[in-house]
Amino acid sequence: MKSKKTIAASWALMLNILLLYIAYGVTRLAFLLENYATYEHVLGSEKVWSIVIGGLYFDTSAIAYTNALYILMVFLPCHLKETALWQRICKWLYLVINGLGLATNLGDAVYFQYTARRTTTAFFSEFGGDDKLGSIVGYEFLRHWYLVLLFIALMVFLYKLYTTPKPQPTPRKRYYLVQTLSLLVAAYLCWAGMRGGLWDNRPINISTANQFIIRPNDASLILNTPFSMLRTIGKSSYHRPEFFTDEQELERIYSPIHHLDQISLTTDTSFTRKNVVVIFLESFGREYFGSLNRDILPGYKGYTTFLDSLIDHSAVTWRYTYANGRSSIDAMPSALSGLPMFVESFVAASHATNHLGGLAAYLDSLGYETAFFHGAPASSLGFQGFTKATGFQKAWSQEDFEADSRTEGRAAYDNWWGIWDEPFLQYFRMKMSDMKEPFMTALFTLTSHHPFHVPDQYKDVFHEEELPIHKCIRYTDHALRRFFTEASKEPWFKNTIFVMTGDHTNASNHAEYKSAINQFSTSIILYDPSGDLTPSVHEGIAQQTDILPTILGLVHYPKTYMAFGCDLLNTPAKDTWAINYLDGVYQYCKGDYVLQFDGEQTIGVYRLDDYLMHQNLKGKVTEQPQMEREVKAIIQQYMNRMIDNRLVP
């Protein structure tokens, strides 16, 4: 298997590394084309070369990290390496390691559509317990066969053009000196490549990508997946900022602690001891609703006929509604514990064992019975561990559904993630009827999840539309209609507050929802069938972390608690706000604007109704200085409390 091309080791190495730069460039181009609608603004921009140069920095780092062992083997001052066997081992090490890197880059070209960020090691914490991952990957191979063919072509390219170093004559006095010096030089250059250069005291990290971008969501185009994964292995992403050295000043600007004397209770005590039901709707972004897009997309009908009717006639929502993260495991801490996602998902973070309060624990102290429901296996996504840690008394899953004689059992399994939404929502209703009032429950739907299938009996009802997810949104909306129809017959129904929120957004086919901030635009709906809440679309901003304080306000919770949010029903619209994190940039919404802060400085200010984020108003808005102070205070409170394990009062 000896290569026909044999030259000096240093030249052979440079040629082989050059092949990797070309291959990484091809995968970045594939990433761009696969997500063209998100990045089409880049091609006509004057900063396109900045993005190209930024990509080279991160490719250099990834190539240096992944090929360090290969480089060592090429220059190792040892006569053994001059043998044909050693060179074959080097070649196959080069092909296997770099094949994995190229495969992850191409895979992320597809996965990015659902997460809006490069994959990090948090992926394994989120999906590590799911045995369906292999099936999902296989399914995507079939759907994106052209990327598979591209991967094969790249591997053939590397294999055919690989250059084998010319063996050095064994009896040579200078052999060990030359090889040792070559190894030292190569090691130095490799170290410099890993750092992204030598001109900075700190090596490049994921947030460094923001130095080269036009918009925050461009960072993923500059990054590559091997770098993103390697730079997050075993790393704590929480660092204590020093925006404010005076603790009292920090507390004055922002504190997540809600004291009883700060709670403006409603005068209507009929809310006291009402049941509370929180429903997480998998992937239900705001884009899929007709009722929430009449001002944004005139004439657009959406895919949620039931929820639209609920919003129009019976529910409360807000003009701007945002998720605090981009994955299911971000939504749980946000909505149930008032904790946004900064840098990495709490469930997957090194501080995941921190003591964390939650809606279940707070209501448990008032005598509520609490339970969590998810139609997937009990081990899925780490949900059960989180629910136990935050005070849920019970958790019901796919196994419990299948064991209950009142259900369809295994026949309701979707062959991918768990139980179809329609039967599991009915199971949810039956189990709540078994509970003692007042109760608090939370449920996570799952059918509107990749790979986007509906039950066989609905394939002729909910057809394929512009995006694969659209038929699943229609199906889950139908399942919710059936749930509420049957639940309305239960004695506990009118004494219940329902909160529905999309856990995160998903694939989009409207430019208005591909901007950096609107990638987080989800649904937050509050419904009280007793009529004690006046249906309306409130002015102001709502985020998932507002759900906990809003519910605690409604049930007149009498104790101090912590939440990075506000009671939406007792906070003026001008004081409502939202925050989220995207590839190193914090996006802080308040009033009419969203401010983008990279951890050191503001990089953008946009009007919230500038849905395409075309006009950067940085330095032109009088609200900017105060927004900067507030976002810094929120970040510092979050980091300090996370590091010090002070997430409860």
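Quick caveat: nothing in here was measured; it's all calculated off a predicted structure.
With sequence neighbours left out, Gln457 forms a side chain to side chain contact (heavy atoms under 4.5 Å, CB included) with Pro455. Among residues two or more places apart in sequence or in another chain, the ring-ring contact (aromatic ring centres under 6.0 Å, His included) test is passed with Phe520 by none. Every residue meeting the side chain to side chain contact (heavy atoms under 4.5 Å, CB included) condition with Glu437, not counting sequence neighbours, appears here in chain and number order: Asn275, Phe439, Trp492, Asn495. A search for side-chain hydrogen bond (donor to acceptor under 3.5 Å, both in side chains) contacts involving Ser291 returns Asp308, not counting sequence neighbours. Phe483 is linked by a ring-ring contact (aromatic ring centres under 6.0 Å, His included) to Phe428, counting only residues two or more places apart in sequence or in another chain. For Leu100, the side chain to side chain contact (heavy atoms under 4.5 Å, CB included) criterion is met by no residue, not counting sequence neighbours. Applying the side-chain hydrogen bond (donor to acceptor under 3.5 Å, both in side chains) rule to Ser228 yields no partners; only residues at least two apart in sequence or on another chain are considered. Evaluation of the side chain to side chain contact (heavy atoms under 4.5 Å, CB included) rule for Ala542 yields Trp318, Thr321, Ile524, Asp546, Leu568 as partners, not counting sequence neighbours. Residues passing the side-chain hydrogen bond (donor to acceptor under 3.5 Å, both in side chains) test with Ser255, sequence neighbours excluded: Glu251. Taking the ring-ring contact (aromatic ring centres under 6.0 Å, His included) definition, one finds that Phe151 meets it with nothing, sequence neighbours left out. Every residue meeting the side-chain hydrogen bond (donor to acceptor under 3.5 Å, both in side chains) condition with Tyr303, not counting sequence neighbours, appears here in chain and number order: His470.
Between the side chain of Asn580 and the backbone N or O of Met341 there is no donor-acceptor pair closer than 3.5 Å.
The list of salt bridge (Lys or Arg N to Asp or Glu O under 4.0 Å) pairs with a residue in residues 444-456, not counting sequence neighbours, reads Asp456-Lys459.
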